[in-house]
Amino acid sequence: MSGLLATGSIAGAGAAAADDDVQHQGGAAATLDGLKTFDRAVLRTDGKTREIPAGVFEMTVDGGGQLKTYCIDIHNPTQDQAKYLETPWSQTSLGGNENAGKIRWILQHSYPQVDDLGALAKDAGSGPLSERTAAAGTQVAIWRYSDKAEVEALDPAAEKLADWLESKAENLAEPKASLSLEPNAVSGKAGGRLGPVTVRTDAGQVSVTPPADAAASGIKLTDAAGKPVTSAVDGTQLFFDVPAGAADGSATLTTQATTSVPVGRAFAGVTKSQTQILAGSSESTVTANATATWAKAGAIPALSAEKNCAKGGVDITAENKGDAPFTFELVGVKHTIPAGESRTVTVPVAEDEAYDFTITGPDGFKKNFKGVLDCKTTGTPSPGTDTPSSQPSPASAGGTSSGSGGGDLAETGSSNATPMIAGVAIALVAIGGGAVFFLRRKRATAAE
């Protein structure tokens, strides 16, 4: 398995992506149910004034649970029943926002985390607040930090709440992921323990499920002491124990927990849909997977990917734990990783574009990475109806507003004509194109 070929494409941002191929570092996955508790606000952009709804969205978690979120992407629309994934701040617009921690403070000190609206109104000096006006005031304060938006709540009490939250906010650290595995791909020779894969979670306990064919293949999941593992806690190190006689191959372990997702976690759309930030969570199902690849000899790769907002692309990391060089080709450029080393290739991807990279090789080797690069809040509203309807509905799956009621993009906090990037699939790099790759080498850590 020494030579691999990688193909890549960038599709229109509205293109669908298969859930099982979308890169996810772990945590909650949820479906957007819509804007549920909201009042009105006024947004000023490009010399125009628009009345928009502002408030709390709700999501249903895969496997069970409910989330409440606020928008941190005012100029972009939502999509009907959009799929969202818990995402590190660094892979969203929050990564480059010096005020991201203030947004977390606002979430912790306002509705719905503070459900005593009388006490909240007293602290803010706002006058009586309802759930609707408290939600609107909170959203307005968040937008001022997430999008640097010129926005005000229509209700006087909501506006006073927004001003108070904005003035009091302090920078807090990013909350930990509800569940993740680090790294989520390992490799090595058959006849040893491959890893470690470290569990990161705020849940009290995590269940660990071995690969589906583990019993037949003889593969075991163990801890650092070599004992079989069926559950784990934060910091537990997991290993794939692969028998010496195992045929070359790969396997995936699954971890799962039921926990409240930490307030302040970001949620990014699988397809292009405005980024959200968590305001509240019921007990919800969270998951994370890790894959091991092994062989008796030769190159033995472990492949992983994550968005790199700082460099405007996707980092694809190939680690070689074998005893021969590992060569692969990515978008027309060949890369060779010596035995015991790794290399990260940053593939440039345009803002708001969907991407789809598949790396294939001999013996059925295949690894696919999909997603949307959404790192900025730079959407620009287009001229349209200034006053959307009072009951918003999500933007169409095509990514543009539909109908004449003006309700589509009212839910997003932008004008009802805000466009979303769409188009047919195009080649990642055209013939003669000048893609720039950022390469870095590092010594792989010992896995034995």
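FYI, the numbering just counts along the sequence from 1. Predicted model, so just to flag it, every value in this text is computed and none were measured.
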Undergrad: Please assess D315 against T344 for the test side chain to side chain donor-acceptor pair (under 3.5 Å), listing each intermediate value before the final yes or no.
TA: CA-CA 6 Å; D315 283 349; T344 296; 5.8 Å; no
Undergrad: Got T236 and T198 here, is their nearest side-chain heavy-atom distance under 4.5 Å?
TA: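 No, too far: nothing below the 4.5 Å cut-off.
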Undergrad: Taking the basic N atoms (NZ, or NE/NH1/NH2) and the acidic carboxylate oxygens, is any pair closer than 4.0 Å for D62 and K83?
TA: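 Counted as a salt bridge, because a side-chain N and a carboxylate O are separated by less than 4.0 Å.
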Undergrad: Could you pull out all residues at least two apart from E182 that satisfy salt bridge (Lys or Arg N to Asp or Glu O under 4.0 Å)?
TA: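 Partners of E182 under the salt bridge (Lys or Arg N to Asp or Glu O under 4.0 Å) test: R200.
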Undergrad: Working note: K189 + D323, criterion salt bridge (charged side-chain N to carboxylate O under 4.0 Å, His left out); need CA distance, chi angles, decisive distance, verdict.
TA: CA-CA 9 Å; K189 291 185 177 182; D323 54 17; 3.0 Å; yes
Undergrad: OG/S180 to CD/E86 distance, rounded to the nearest 0.5 angstrom?
TA: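 These two atoms lie 8.5 Å from each other.
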Undergrad: Between D356 and N368, does the side chain to side chain donor-acceptor pair (under 3.5 Å) criterion hold? Intermediate values first, please.
TA: CA-CA 7 Å; D356 184 346; N368 180 258; 2.7 Å; yes
Undergrad: Please test T336 against T327 for side chain to side chain donor-acceptor pair (under 3.5 Å), starting from the C-alpha separation and ending with a verdict.
TA: CA-CA 4 Å; T336 298; T327 299; 3.0 Å; yes
Undergrad: Looking at K168, I want to see if its NZ is surrounded by more than 12 non-hydrogen atoms of other residues, nucleotides or ligands under 6.0 Å.
TA: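 No, not enclosed.
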Undergrad: Would you call K376-E351 a salt bridge at under 4.0 Å N-O?
TA: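 So K376 does not pair with E351 through a salt bridge.
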Undergrad: Going from NE2 on H75 to CD on Q274, what distance comes out if it is rounded to the nearest 0.5 angstrom?
TA: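 It is 11.5 Å, given to the nearest 0.5 Å.
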Undergrad: Any ion pair linking E319 and R343 (charged N to carboxylate O, less than 4.0 Å)?
TA: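 No salt bridge links R343 with E319.
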Undergrad: Please determine whether a side-chain nitrogen of the Lys or Arg among D352 and K272 lies less than 4.0 Å from a carboxylate oxygen of the Asp or Glu.
TA: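 Yes.
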Undergrad: On a heavy-atom basis, which atom in A246 and which in W294 lie closest, and how many Å separate them?
TA: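 Shortest heavy-atom contact: CB-NE1, 3.8 Å.
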Undergrad: Hey, what do you get for NZ (K321) to CG (L194), rounding to the nearest 0.5 Å?
TA: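 The NZ atom of K321 sits 8.0 Å away from the CG atom of L194.
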Undergrad: In sequence, state the C-alpha distance, the side-chain angles, and the governing distance for Q256 and T285, and then conclude on side chain to side chain donor-acceptor pair (under 3.5 Å).
TA: CA-CA 7 Å; Q256 181 172 299; T285 300; 5.1 Å; no
Undergrad: Report the residue from L238, D234, V208 that forms a side-chain contact (heavy atoms from CB on, under 4.5 Å) with V199.
TA: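 So the option named by the test is L238.
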Undergrad: If every non-hydrogen atom of P211 is compared with every non-hydrogen atom of F240, which pair is closest and at what distance?
TA: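 Heavy-atom minimum between the residues: CG-CE2, 4.4 Å.
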Undergrad: Give the intermediate values and the outcome of salt bridge (charged side-chain N to carboxylate O under 4.0 Å, His left out) for residues K176 and D202.
TA: CA-CA 7 Å; K176 294 180 179 179; D202 70 336; over 6 Å; no
Undergrad: Would E58 and K36 count as a salt bridge (charged side-chain N to carboxylate O under 4.0 Å, His left out) if you check the C-alpha gap in whole Å, the side-chain angles of each, and the deciding distance to 0.1 Å?
TA: CA-CA 7 Å; E58 293 184 8; K36 299 298 184 180; 5.7 Å; no
Undergrad: Please report the shortest heavy-atom distance between V263 and A279, naming the atom on each side.
TA: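 Heavy atoms only, the tightest pair is CG2-O, 3.8 Å.
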Undergrad: If you round to the nearest 0.5 Å, how far is CG of N320 from OG of S187?
TA: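 One gets 7.0 Å once the value is rounded to the nearest 0.5 Å.
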Undergrad: Work out which heavy atom in W143 is nearest to a heavy atom in C71; give both atom names and the distance.
TA: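 Nearest heavy atoms, W143 then C71: NE1-SG, 3.3 Å.
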Undergrad: Please name the pair of heavy atoms, one in T69 and one in Q276, separated by the smallest distance, quoted to 0.1 Å.
TA: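 Minimum heavy-atom contact is OG1-OE1, 2.7 Å.
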Undergrad: Of all the heavy-atom pairs spanning A288 and G26, show the shortest one and how long it is.
TA: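 Heavy atoms of A288 and G26 come nearest at CB-CA, 3.9 Å.
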Undergrad: With rounding to the nearest 0.5 Å, note down the distance linking CD1 in I142 to CG in L165.
TA: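 If I round to the nearest 0.5 Å, the distance is 8.5 Å.
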